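Everything below concerns the one structure shown next.
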Amino acid sequence: MKVAVIGASGYVGAELINLLSAHDKISLEYLLVSEHSSSADMTFSQLHPRYLGVCDLPLVCFSQPWFDEKVPELDAVFFATPHEFSADWAQAFVEQGVKVFDLSGGFRLKNSEDYPTFYGFEHKNLLALAQAKYGLAEWQQEDIANTRLVAVPGCYPTASLLSLKPITANNYHLENSLIVVNGISGVSGAGRKASLATSFYEVSLTPYNILQHRHQPEISQEANAAVIFNPHLAPYKRGLLATVTLQIKAGITTKQINDAFLSAYQDKPLVRLTGAWPKIDNVANTPFADVHWQVDEEKQVVVVSCAIDNLLKGAASQAVQCANISLGLPSEYSLLHNVTLGKC
Ligand SMILES: NC(=O)C1=CN([C@@H]2O[C@H](COP(=O)(O)OP(=O)(O)OC[C@H]3O[C@@H](n4cnc5c(N)ncnc54)[C@H](OP(=O)(O)O)[C@@H]3O)[C@@H](O)[C@H]2O)C=CC1
Ligand SMILES: CC(=O)N[C@@H](CCC(=O)OP(=O)(O)O)C(=O)O
């Protein structure tokens with residue numbers, strides 16, 4: 001599969017390029033940045049010296065002439081770009097027969113009216129939005145294999161949904177009861193562009209975007225249950241933890257909950273049922289999601305916690321899982337033993 005990555009100068013793009021460089025069924029052809037990028041005319045490894053000798057391809061500015069000339073060479077494209085950019089451009093790639101893996105939120109919400117509210121722009125490509133499929137790799141394999149446009153899940157939604165879905169998919173949760181998701185992310189979650197709010201000296205553990213974060217409708221949509229989502233920013237580089245508290249129906253047993261998690265994940269090697277509360281250090285720089293839960297049958301309460309690397313399972317490695325599924329490969333192909341550096 002011949003691919004391009006748009007957003008190659010960003011944090012997610014860089015992780016993706018590293019993973020794709022190590023993938024023997026995917027050939028990385030072009031690395032794109034924005035039309036006026038400060039990284040234009042550099043090589044990838046000049047910008048990210050950690051990858052010197054791993055990937056030294058040039059960073060090229062995305063433009064309409066580039067699209068017209070190069071798109072016929074491609075089988076797939078990964079967007080690691082701002083949401084509005086992929087919302088504007090993905091359909092054009094799909095129309096040219098190029099499969100799209102969108103790592104932004106440009107195609108995650110089914111209701112187009114949520115875009116102005118949660119993303120701050122009107123979605124102009126409603127056909128593509130209607131055709132896009134959500135790509136939580138452990139749960140939506142068939143959709144991912146059959147669609148031309150995969151909406152790779154957000155970082156917080158990945159950890160939240162891996163926690164919630166074994167329960168909500170079995171309808172074990174008490175309908176109309178409060179489901180609360182508390183999330184904590186490090187500063188790489190905010191991307192590479194400098195900002196005072198995410199400057200290391202400024203960051204101190206704090207909630208943010210309470211009751212208005214764009215991941216709330218995404219989690220509710222995919223869990224098929226309304227949630228309250230409380231994101232927190234913490235002073236470390238990478239890694240994310242989501243802890244979900246929910247009420248279960250009377251009579252649902254600990255064994256039923258345990259069986260739901262086992263049956264969902266026992267044949268999914270990238271989701272590890274750890275038997276102890278997960279820690280960010282155990283998943284940072286890996287494609288794993290570590291999950292643990294506890295049930296109080298008497299109070300009808302379950303608490304589930306999931307830790308992931310926001311840039312990997314929360315973005316780049318999950319996109320590679322989606323590409324693997326599209327290629328008919330096991331979703332973990334090239335990820336389990338290649339979490340360090342690849343070659344391109
Ligand atoms: N960080 C995270 O933890 C996660 C991020 N995501 C999503 O992935 C996407 C990328 O995030 P992240 O890497 O953190 O962001 P960064 O800010 O680090 O990178 C953004 C990238 O997009 C490029 N870009 C910006 N504007 C345009 C444009 N108009 N045309 C083409 N390229 C453009 C930038 O290039 P340049 O500035 O050089 O022009 C840069 O390469 C976002 O949609 C984000 O929501 C998803 C899950 C987790
Ligand atoms: C710490 C921080 O700022 N995190 C980001 C979420 C990560 C991200 O980029 O969002 P997507 O997963 O939707 O693409 C935020 O809260 O907006």
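When a ligand or atom number is given, it counts from 1 through the structure's own listing order. Quick caveat: nothing in here was measured; it's all calculated off a predicted structure.
In this structure, atom 29 (N) of ligand 1 lies nearest to the protein heavy atom Phe85 CD1, 3.6 Å. Nearest protein neighbour of atom 43 (O) of ligand 1, counting heavy atoms only, is Thr81 O, 2.6 Å. Nearest protein neighbour of atom 19 (O) of ligand 1, counting heavy atoms only, is Gly10 CA, 3.2 Å. Nearest protein heavy-atom neighbour of atom 18 (O) of ligand 1: Arg192 N, 2.8 Å. Annotation: atom 21 (C) of ligand 1 to nearest protein heavy atom, Ala80 O, 3.5 Å.
Checking only distances, Val12 does come within under 3.5 Å of ligand 1, N or O to N or O. The shortest N or O to N or O distance between Gly154 and ligand 1 is not below 3.5 Å. Between Asn310 and ligand 1, an N or O atom pair is found at a separation short of 3.5 Å. At under 3.5 Å, not a single nitrogen or oxygen of Glu35, backbone or side chain, sits near a nitrogen or oxygen of ligand 1.
Under the 4.0 Å criterion applied to side-chain N and carboxylate O atoms, Lys2 and Asp75 are not assigned as salt-bridge partners. Between Glu138 and Lys268 there is no salt bridge, since no side-chain N of the basic residue sits under 4.0 Å from a carboxylate O of the acidic one. Glu95 has no carboxylate O lying under 4.0 Å from a charged side-chain N of Arg148, or vice versa, which leaves the two without a salt bridge.
Residues Asn324 and His23 have side chains that bring a donor and an acceptor to within less than 3.5 angstrom of each other. Side-chain N/O atoms of Ser317 and Gln321 include no donor and acceptor closer than 3.5 Å.
Residue His83 is tested with Phe107, Tyr119, Phe118 for a ring pair (Phe, Tyr, Trp, His ring centres under 6.0 Å); the sole match is Tyr119. The side-chain contact (heavy atoms from CB on, under 4.5 Å) test with Val227 singles out one residue from Leu164, Thr168, Val244, and that residue is Leu164. Pro157 pairs in a side-chain contact (heavy atoms from CB on, under 4.5 Å) with only one of the listed residues (Arg214, Glu218, Gln221), which is Glu218.
Taking the six-membered ring where tryptophan is involved, the planes of Phe261 and Trp293 are essentially parallel, since the angle between them stays under 30° and well short of 60°.
Here is the list of ligand 1 atoms found below 4.0 Å of a heavy atom in Leu311: 1 (N), 2 (C), 3 (O). For ligand 1, the atoms closer than 4.0 angstrom to any heavy atom of Cys155 are 48 (C). Close approach of ligand 1 to Lys193 is summarised as follows: ligand atoms under 4.0 Å from at least one heavy atom of the residue are 17 (O). Close contacts between ligand 1 and Ser104 involve ligand atoms 43 (O) [criterion: under 4.0 Å to a heavy atom]. Near Leu103, the atoms of ligand 1 lying under 4.0 angstrom from a non-hydrogen atom of the residue are 6 (N), 7 (C), 8 (O), 46 (C). Residue Ala8 has at least one heavy-atom neighbour below 4.0 Å for each of these atoms of ligand 1: 41 (O). Counting the atoms of ligand 1 from 1 in the order shown, those under 4.0 Å from a heavy atom of Ser37 are 36 (P), 38 (O), 39 (O).
Evaluated by nearest non-hydrogen atom to atom 41 (O) of ligand 1, the leading choice among Gly189, Ala319, Ser9 is Ser9. When Ser39, Ala40, Pro82, Ser195 are ranked by how near their heavy atoms come to atom 24 (N) of ligand 1, first place goes to Pro82. Of the candidates Gly7, Ala190, Ser34, the one placing a heavy atom closest to atom 27 (C) of ligand 1 is Ser34. By heavy-atom distance, the residue among Gly314, Ser188, Gly191, Ser185 lying nearest atom 1 (N) of ligand 1 is Ser188. For atom 44 (C) of ligand 1, the nearest non-hydrogen atom from the set Arg238, Glu15, Met42, His83 comes from His83.
Within the hydrophobic cluster formed by Ile, Leu, Val, Met, Phe, Trp and Tyr side chains joined at under 4.5 Å, directly or through other members, Val180 is accompanied by Leu178, Ile210, Leu211, Ile228.
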* To do: Please lay out, stage by stage, how Asn182 and Thr243 fare under the test side-chain hydrogen bond (donor to acceptor under 3.5 Å, both in side chains).
  => CA-CA 5 Å; Asn182 292 312; Thr243 299; over 6 Å; no
side-chain contact (heavy atoms from CB on, under 4.5 Å), that's the test. Do Tyr156 and Val181 meet it? Break it down for me. CA-CA 9 Å; Tyr156 286 119; Val181 180; over 6 Å; no
inquiry  = Could you walk me through whether Leu162 and Trp139 satisfy the side-chain contact (heavy atoms from CB on, under 4.5 Å) test, starting with their C-alpha distance in whole Å, then the side-chain angles of each, then the deciding distance to 0.1 Å, before giving a yes or no?
reply    = CA-CA 9 Å; Leu162 289 174; Trp139 286 87; 4.2 Å; yes
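Contacts of Arg238 classified as salt bridge (Lys or Arg N to Asp or Glu O under 4.0 Å), with partners at least two apart in sequence or in another chain: Glu15, Asp309. Among residues two or more places apart in sequence or in another chain, the side-chain hydrogen bond (donor to acceptor under 3.5 Å, both in side chains) test is passed with Asp88 by Lys124.
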Find all protein N or O atoms under 3.5 angstrom from an N or O atom of ligand 2 and list the pairs with distances, or write 'none'.
residue	atom	partner	partner atom	Å
ligand 2	4 (N)	Gly189	O	3.2
ligand 2	4 (N)	Tyr208	OH	3.4
ligand 2	9 (O)	Gly189	O	3.3
ligand 2	10 (O)	Arg214	NH2	2.6
ligand 2	12 (O)	Cys155	N	2.9
ligand 2	12 (O)	His215	NE2	3.4
ligand 2	13 (O)	Arg108	NH1	2.7
ligand 2	13 (O)	Arg214	NE	3.4
ligand 2	13 (O)	Arg214	NH2	3.2
ligand 2	13 (O)	His215	NE2	2.4
ligand 2	14 (O)	Arg108	NH2	3.1
ligand 2	16 (O)	Tyr208	OH	2.5
ligand 2	16 (O)	His213	NE2	2.7
ligand 2	17 (O)	Arg214	NH1	3.0
ligand 2	17 (O)	Arg214	NH2	3.3

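Put simply, CG on Leu31 and CG on Leu57 are 5.0 Å apart, with the number rounded to the nearest 0.5 Å.
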